[in-house]
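Let me begin by presenting the structure, written as structure tokens, before commenting on it.
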Amino acid sequence: MTSPLERIKLYPDESKRLIGIKYEDFIVLVTLAEKKHLEKKAEMEKRKIRLIASGGGRKAEMTSAEGVCLCLVYLRQKPTFEILGLLFDVSRTKANNTFNYWVKILREILPTSQVEEVKNDDKKYQ
């Protein structure tokens with residue numbers, strides 16, 4: 001099964017159907033989200049007390065583009081986190097954690113009206 005991100009890269013015209021925005025807008029959104037992600041990461045590093053030198057440890061399972069795509073697929077399609085995890089080849093918990101992380105970043109980037117629509121829609125489905 002191909003990842004929705006791979007599908008969007010191969011067929012940019014289908015991005016509107018899969019994630020609700022045009023491919024060009026998706027690329028811009030990923031760039032803005034990655035910039036915000038790096039700012040948050042730098043802020044966390046300032047406050048972190050290290051026992052082990054930086055650069056060590058396990059590498060991230062998902063890129064920022066995959067994280068944003070996962071978040072948009074969930075907001076557009078409303079699959080369960082198990083299905084979302086299968087689509088992106090991660091566990092259900094990792095899909096849930098990834099969604100919650102990136103939706104906070106997207107709330108800072110997207111205009112307020114779109115965020116309010118997501119909040120109302122989210123309440124309706126819960």
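Since the model is a prediction, treat every value here as computed from it, not as a measurement. In this chain, numbering begins with 1 at the start of the sequence shown.
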Which atom of Ala65 lies closest to which atom of Phe26, heavy atoms considered: O-CZ, 3.9 Å
Test side chain to side chain contact (heavy atoms under 4.5 Å, CB included) on Leu70 and Trp102 and set out the steps. CA-CA 9 Å; Leu70 181 143; Trp102 286 104; over 6 Å; no
Nearest 0.5 angstrom please: Leu72 CG to Leu106 CG, how far? 6.0 Å
In Å, rounded to the nearest 0.5 Å, how long is the span from CG of Leu84 to CD of Gln77? 10.0 Å
Should Val68 and Leu38 be regarded as members of a common hydrophobic cluster, given that ILVMFWY residues are connected when their side-chain heavy atoms come within less than 4.5 Å of each other, either directly or indirectly? no
Any donor-acceptor pair under 3.5 Å linking the side chain of Glu66 with the backbone of Thr63? yes
CG of Asp89 to CE of Met62, rounded to nearest 0.5 Å, is 9.5 Å
Please report the closest heavy-atom contact between Asn96 and Asn100, naming both atoms and the distance. OD1-ND2, 2.8 Å
Using the six-membered ring wherever Trp is involved, compare the ring planes of Phe81 and Tyr74 and label them parallel, tilted or perpendicular (cut-offs 30° and 60°). parallel
Atom CG in Leu29, atom SG in Cys69: separation rounded to 0.5 Å? 10.5 Å
Tell me whether the NZ or CZ atom of Lys40 lies within the 45° cone about the ring axis of Tyr101 and under 6.0 Å from its centre. yes
Report the distance from atom SG of Cys71 to atom CZ of Arg107, rounding to the nearest 0.5 Å. 9.0 Å
Between Glu43 and Arg47, is there a salt bridge with N-O shorter than 4.0 Å? yes
Least distance between heavy atoms, Gly67 atom then Thr98 atom: CA-CG2, 3.9 Å
Contacts table for residues 9-21: side-chain donor-acceptor under 3.5 angstrom, sequence neighbours left out:
| from | atom 1 | to | atom 2 | distance (Å) |
| --- | --- | --- | --- | --- |
| Glu14 | OE1 | Arg7 | NE | 3.0 |
| Glu14 | OE1 | Arg7 | NH2 | 3.3 |
| Glu14 | OE1 | Arg17 | NH2 | 2.9 |
| Glu14 | OE2 | Arg7 | NH2 | 3.1 |
| Ser15 | OG | Pro12 | O | 3.1 |
| Ser15 | OG | Ile21 | O | 3.1 |
| Ser15 | OG | Tyr23 | N | 3.0 |

Output the distance between atom CD (Glu82) and atom OG1 (Thr93), rounded to the nearest 0.5 Å. 9.5 Å
